[in-house]
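Structure first, then comments.
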Amino acid sequence: MQTIVKEFSVQKDRPLKIRFLGTAVKKFIAANISIAAFFVIWEIFVDTGVLKDTFVAAPSMIAVTIVQLLENGTLLGHIGISLFRAIGGFILAAVIAIPLGFFLGGSFHMFRRAVTPLVRLLSAANPFALLPVFILLFGIGEISKIAIIFWVCLWPILLNTITGIQNVDRLLVKSARSMGMQGTALFFKVILPAAAAPIFHGLKMGCGTAFFMLIAAEMIGASTGLGWMVWNAQINYQIPKLFAVTFIISVLGLLLNYLFTRIERNILSWQTESPEY
């Protein structure tokens, strides 16, 4: 009798699983059909001569070029160098900006009012205009690349951290203190979780800005990295390589954004989940 019940439950679950799989496939197709159509139309336009292949590489040629760059090891090496520079500057900015943001957003109101105009002025400075300054100060080596990444990441992380601390519910802090919570316990259990969402938003903004700013920096003063590969392909008129590296840069940017979104959802899931009764 138990065997019959188990077989019945298994048969009953199969339509549900098939239905769920079909829904997932439909969602995937709906989310990516526009991208697929874009590449198909692009391929047709290049093959029919509407777009000249001397100026625009077909998606099929881009795919072949990417495979060739992966096989000879060129692409992975330059990706590693670019990610090292971007991650180094980003981590350095986060290590400095988050504690400084807690300090400026805390109880030192007069100091924050005096410093905030300067912070906003520096954050509004065009980083592309500052590239020659960083190269002049630090040379064309690794330090200048990491320094410019540090600069562009610092401000979104700092400003969002300050905003997060300022928006912490004071009633929540008073309630925690009334229950005897002080010092590090108050900070890690109340203040930090309450300010976590804006901080992660700043980290996400800084990460995206870091990677794309690095590409510009590598185009101006570098001999390695993805930005240098784009610049080198351009001056040597290697159109398939130019489009292939540009495509890889776009994919990496999307992956970094997706990674931070997933991390943010996992860590801050308690802020979006509704309570169960």
Side-chain angles (χ1 to χ4, degrees), residues 20-87 90 126-129 131 145 148-149 152 156 204-262 264-265:
F20 176 77
L21 181 61
T23 304
V25 171
K26 288 179 181 179
K27 288 182 178 180
F28 178 80
I29 293 174
N32 296 279
I33 190 170
S34 60
I35 298 175
F38 171 74
F39 282 110
V40 169
I41 295 172
W42 182 356
E43 182 76 32
I44 293 173
F45 277 14
V46 175
D47 291 342
T48 56
V50 176
L51 296 175
K52 301 296 183 182
D53 58 0
T54 53
F55 302 106
V56 180
S60 58
M61 192 62 196
I62 294 174
V64 171
T65 305
I66 291 174
V67 171
Q68 292 174 349
L69 292 173
L70 289 172
E71 287 179 347
N72 60 30
T74 302
L75 184 59
L76 291 178
H78 288 287
I79 289 175
I81 292 170
S82 292
L83 288 178
F84 169 77
R85 292 166 176 165
I87 293 173
F90 173 77
N126 191 330
F128 292 97
L131 271 174
K145 313 296 183 304
I148 190 65
I149 298 305
V152 297
K204 188 177 178 180
M205 290 177 58
C207 180
T209 306
F211 186 73
F212 288 107
M213 188 64 208
L214 173 67
I215 303 304
E218 290 177 340
M219 288 182 182
I220 294 178
S223 58
T224 54
L226 292 173
W228 175 83
M229 289 186 73
V230 171
W231 177 81
N232 185 62
Q234 178 187 354
I235 63 172
N236 290 297
Y237 207 70
Q238 298 172 324
I239 301 301
K241 184 179 178 182
L242 173 64
F243 276 84
V245 179
T246 303
F247 177 77
I248 292 297
I249 291 171
S250 301
V251 171
L252 287 175
L254 290 174
L255 287 176
L256 288 173
N257 182 74
Y258 175 77
L259 177 63
F260 261 91
T261 301
R262 294 293 299 179
E264 184 178 9
R265 286 179 181 175

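Within the 4.5 Å cutoff, side-chain heavy atoms of Trp42 are placed close to those of Phe38. Side-chain contact between Lys241 and Asn232 is present, with heavy atoms from C-beta onward closer than 4.5 Å. No side-chain heavy atom of Gln68 sits under 4.5 Å from any side-chain heavy atom of Leu75. For the pair Phe39 and Glu43, the minimum side-chain heavy-atom distance is 4.5 Å or more. Contact annotation: the side chain of Leu70 approaches that of Leu76 to within less than 4.5 Å [non-hydrogen atoms, C-beta and beyond]. Counting only heavy atoms from C-beta outward, the side chains of Leu226 and Ile215 approach each other to under 4.5 Å.
Across Val50, Val56, Thr54, a single residue satisfies side chain to side chain contact (heavy atoms under 4.5 Å, CB included) together with Lys52, and that is Thr54. Of the options Leu214, Ile81, Thr224, a side chain to side chain contact (heavy atoms under 4.5 Å, CB included) to Lys145 is made by Leu214 and by none of the others.
Here the shortest heavy-atom pairing between Ala217 and Ile148 reads CB-CG2, 4.1 Å. Closest heavy-atom contact between Ala57 and Pro240: CB-CA, 3.8 Å. Summarising the geometry of Glu218 relative to Gly227, their closest heavy-atom pair is OE1-N, 2.8 Å, with the distance given to 0.1 Å. Closest non-hydrogen pair, Asp53 versus Ile239, comes out as O-CG2, 4.5 Å. Between Gly225 and His78, the shortest heavy-atom distance links the atoms N-ND1, 2.9 Å. Considering all non-hydrogen atoms of both residues, Ile62 and Ala244 come closest at CG2-CA, 3.7 Å.
The 12-atom threshold is exceeded at CZ of Phe260, counting heavy atoms of other residues, nucleotides or ligands nearer than 6.0 Å. Counting heavy-atom neighbours within 6.0 Å of Phe55 CZ, excluding the residue itself, gives a total of 12 or less.
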Q: Could you walk me through whether Arg85 and Ile149 pass side chain to side chain contact (heavy atoms under 4.5 Å, CB included), step by step?
A: CA-CA 8 Å; Arg85 292 166 176 165; Ile149 298 305; 5.5 Å; no
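For the atom pair CH2 of Trp231 and CG of Leu242, the computed distance is 13.0 Å after rounding to the nearest 0.5 Å. Gln238 contributes atom CD, which lies 9.0 Å from atom CE of Met229 (distance to the nearest 0.5 angstrom). Between the CD1 atom of Ile87 and the CG atom of Leu256 there is a distance of 7.5 Å, given to the nearest 0.5 Å. For the atom pair Ile79 CD1 and Ile249 CD1, the distance stands at 9.0 Å (nearest 0.5 Å).
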